[in-house]
2 protein chains.
Amino acid sequence: MARPKDPHAKEALLAAAVRAFSQHGLQRARIEDITQAAGLSKGAFYLHFESKEAAFGEAAALAMHRMQVLLSERREAYAALEETFRAQLERGRAPAEAVAAFEAIDERADRQTLETMWENRHVIDVLMRGSRGTEFEGVLWDFLDAEAGRIGEELEQRVAFGLCRQGLPTQVVGSMVVGTWLLLARSMIDLKEKPDLDFWVRSLKELLSRGIAPIPRAVRLGTSKKVTGRTRTKRRAT
Amino acid sequence: MARPKDPHAKEALLAAAVRAFSQHGLQRARIEDITQAAGLSKGAFYLHFESKEAAFGEAAALAMHRMQVLLSERREAYAALEETFRAQLERGRAPAEAVAAFEAIDERADRQTLETMWENRHVIDVLMRGSRGTEFEGVLWDFLDAEAGRIGEELEQRVAFGLCRQGLPTQVVGSMVVGTWLLLARSMIDLKEKPDLDFWVRSLKELLSRGIAPIPRAVRLGTSKKVTGRTRTKRRAT
DNA sequence: CGGATCATTGAACCGCCGGTCAGAAACGGT
DNA sequence: ACCGTTTCTGACCGGCGGTTCAATGATCCG
């Protein structure tokens with residue numbers, strides 16, 4: 001009884017806090033700016049959070065949890081599919097549908113990941129560039145390292161299945177994929193409205209699987225338009 | 001006359017400063033730690049630098065200058081080669097040597113870039129993660145954005161030359177390459193000794209040009225070992 | 001050696017927030 | 001309207017660390 005607390009205060013504060021942290025970094029963002037942006041007094045902040053770090057901790061934990069959930073789903077989907085794939089391999093050849101199934105999972109999981117990255121882009125920004133010297137400084141990077149490793153392993157699995165070329169530097173591929181996502185997350189930060197994430201997913205998938213080199217002459221796969229490709233040159237445009 | 005200043009003081013300070021900045025971020029690194037590490041007193045720092053930021057400014061300017069120099073060299077090399085390539089195209093077909101020349105420049109420039117990144121990895125680390133809220137917070141990222149754009153343009157050039165597939169999402173490729181480098185730079189930071197940069201350069205070149213998909217059956221290029229490739233599947237292992 | 005001239009030192013200064021808490025304000029019940 | 005209760009406020013405290021500068025001590029010159 002007596003003076004119920006403002007039900008929107010905490011979320012308003014957290015939203016303002018994340019905005020401030022993203023803009024100035026965890027260290028430089030000032031409590032007073034945050035509370036002012038949320039239309040509250042400085043002291044109000046401490047009614048809801050233990051400290052500045054603790055406030056960001058909530059936001060960070062939530063965002064990382066979401067990423068972890070997506071990651072688990074992805075793993076499970078892969079595991080299930082790999083099992084059926086293995087079973088199919090034992091009695092003869094694996095059907096083309098299985099291949100398509102892998103692709104579908106990749107695309108779906110990638111899209112979800114990008115979507116979640118978009119929704120949590122400000123938290124990611126802080127974890128990436130604005131948390132040096134705090135307890136969070138390693139959170140994102142550890143996650144990315146683990147992801148790069150996981151991708152490398154998954155890739156090895158696919159090589160074993162004959163779904164990817166042999167002799168790939170799998171760990172390098174992991175770094176490549178993760179690095180690309182990282183830069184993508186960064187570029188999201190100062191975007192006003194959501195970009196065409198699907199375009200990104202499809203482009204990256206296509207690039208990763210086929211590369212940028214001209215299509216070799218001998219391949220019969222359709223869409224051989226007016227490709228001017230001359231030699232079997234592989235290109236690099238760094 | 002009278003008490004010449006310690007000739008190694010400034011470089012010792014700057015080295016210690018960069019180490020401290022890299023470890024704790026520009027904001028959190030303490031002057032006293034820096035001077036102590038350099039075996040000098042707190043006040044000595046201000047005999048050589050206007051302020052903490054100014055000190056990092058020197059280190060950052062140097063590192064970025066080196067990157068810019070490499071970039072100019074790369075641009076010049078491309079421009080020269082593109083000109084001769086164009087000339088060769090006019091009178092008939094471009095020889096395979098020209099293609100190899102492009103590759104050689106790519107590789108050489110990539111290796112130099114990676115080398116310079118390695119040498120300046122601690123400064124890069126600060127620019128990447130430890131300069132939020134300072135005047136340097138955008139330096140690296142602006143550079144990377146520009147690089148991604150440049151790569152996209154160069155790629156369009158190559159597509160026009162028939163050296164790359166048509167219809168590539170050139171800007172996405174730019175982000176991909178730059179993102180990969182970024183993560184690579186990051187991974188260098190806690191390495192004790194220089195990794196095999198050449199391996200990285202070659203791997204990335206190969207991946208970017210050919211992708212990870214199995215080699216299509218119909219291609220006749222040598223080395224078709226015991227490739228178990230089954231279908232013309234393109235893979236993605238995110 | 002004595003004094004002039006600097007480089008160097010480190011205690012002291014000072015501004016800046018993070019965090020606190022005594023009071024003010026807002027509500028619900030009566 | 002008044003009281004008890006809980007929320008909210010914002011002036012204040014304290015520590016931290018960047019920066020300063022009077023004092024110290026090298027070094028050189030005559």
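Each chain gets a letter, A, B and so on, in the order the sequences are listed, and its residues count up from 1. Every heavy atom of this structure was used, including side-chain atoms; hydrogens, water molecules and symmetry mates were not. Keep in mind the model is a prediction, meaning the values are calculated, not measured.
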Within this structure, what is the [atom1]-to-[atom2] distance between [X] and [N], rounded to whole angstrom?
X     : N      : atom1 : atom2 : value
A/Q36 : D/dT9  : CD    : C1'   : 14 Å
B/H48 : C/dA7  : NE2   : P     : 9 Å
A/L47 : C/dA25 : CG    : C1'   : 14 Å
B/I34 : D/dG17 : CD1   : C1'   : 12 Å

May I ask you to decide if the ring planes of A/F136 and A/F56 are parallel, tilted or perpendicular, using 30° and 60° as cut-offs?
perpendicular
Are A/R150 and A/E147 ion-paired here, with the side-chain N under 4.0 Å from a carboxylate O?
yes
For the pair A/K205 and A/E103, find out whether any cationic side-chain nitrogen is under 4.0 Å from an anionic carboxylate oxygen.
yes
Results of side-chain hydrogen bond (donor to acceptor under 3.5 Å, both in side chains) for A/E156 - residues two or more places apart only
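A/T170.
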ring-ring contact (aromatic ring centres under 6.0 Å, His included) partners of B/Y46, counting only residues at least two apart:
none
Between CD on residue A/E137 and CG on residue A/D142, distance to nearest 0.5 Å
9.5 Å
Taking atom CG of A/D110 and atom CZ of A/R202, what is their separation to the nearest 0.5 Å?
12.5 Å
Is there a residue in residues 8-21 of chain B whose heavy atoms reach under 4.0 Å of DNA chain D, and which residues are they?
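Those residues whose heavy atoms fall under 4.0 Å from DNA chain D, taken from residues 8-21 of chain B, amount to none.
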Classify every nucleotide of nucleotides 18-24 of chain C by which part a protein heavy atom approaches to under 4.0 Å, writing B for the base, S for the sugar-phosphate alone and - for neither, in 5'-to-3' order.
BBB----
For DNA chain D, write out the stems as range with range, using runs of 3 or more consecutive Watson-Crick or G-U pairs with both distances under 3.5 Å.
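Stem list for DNA chain D: C:1-30 with D:1-30.
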N/O donor-acceptor pair under 3.5 Å between B/K52 side chain and B/L26 backbone
yes
Check the pair A/Q27 / B/R132 against side-chain contact (heavy atoms from CB on, under 4.5 Å), numbers first and verdict last.
CA-CA 9 Å; A/Q27 176 81 8; B/R132 210 62 196 284; over 6 Å; no
Could you tell me if the side chain of A/W141 sits less than 4.5 Å from the side chain of B/R129, heavy atoms only?
yes
Side-chain donor-acceptor pairs of residues 10-24 of chain A under 3.5 Å, sequence neighbours excluded:
{"unit_1": "A/K10", "atom_1": "NZ", "unit_2": "A/E58", "atom_2": "OE2", "d": "3.3"}
{"unit_1": "A/E11", "atom_1": "OE2", "unit_2": "A/H8", "atom_2": "ND1", "d": "3.1"}
{"unit_1": "A/S22", "atom_1": "OG", "unit_2": "A/D125", "atom_2": "OD2", "d": "2.9"}

Minimum-distance nucleotide to B/D6 side chain [options: D/dT7, D/dT9, C/dT8]:
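So the nucleotide nearest the side chain must be C/dT8.
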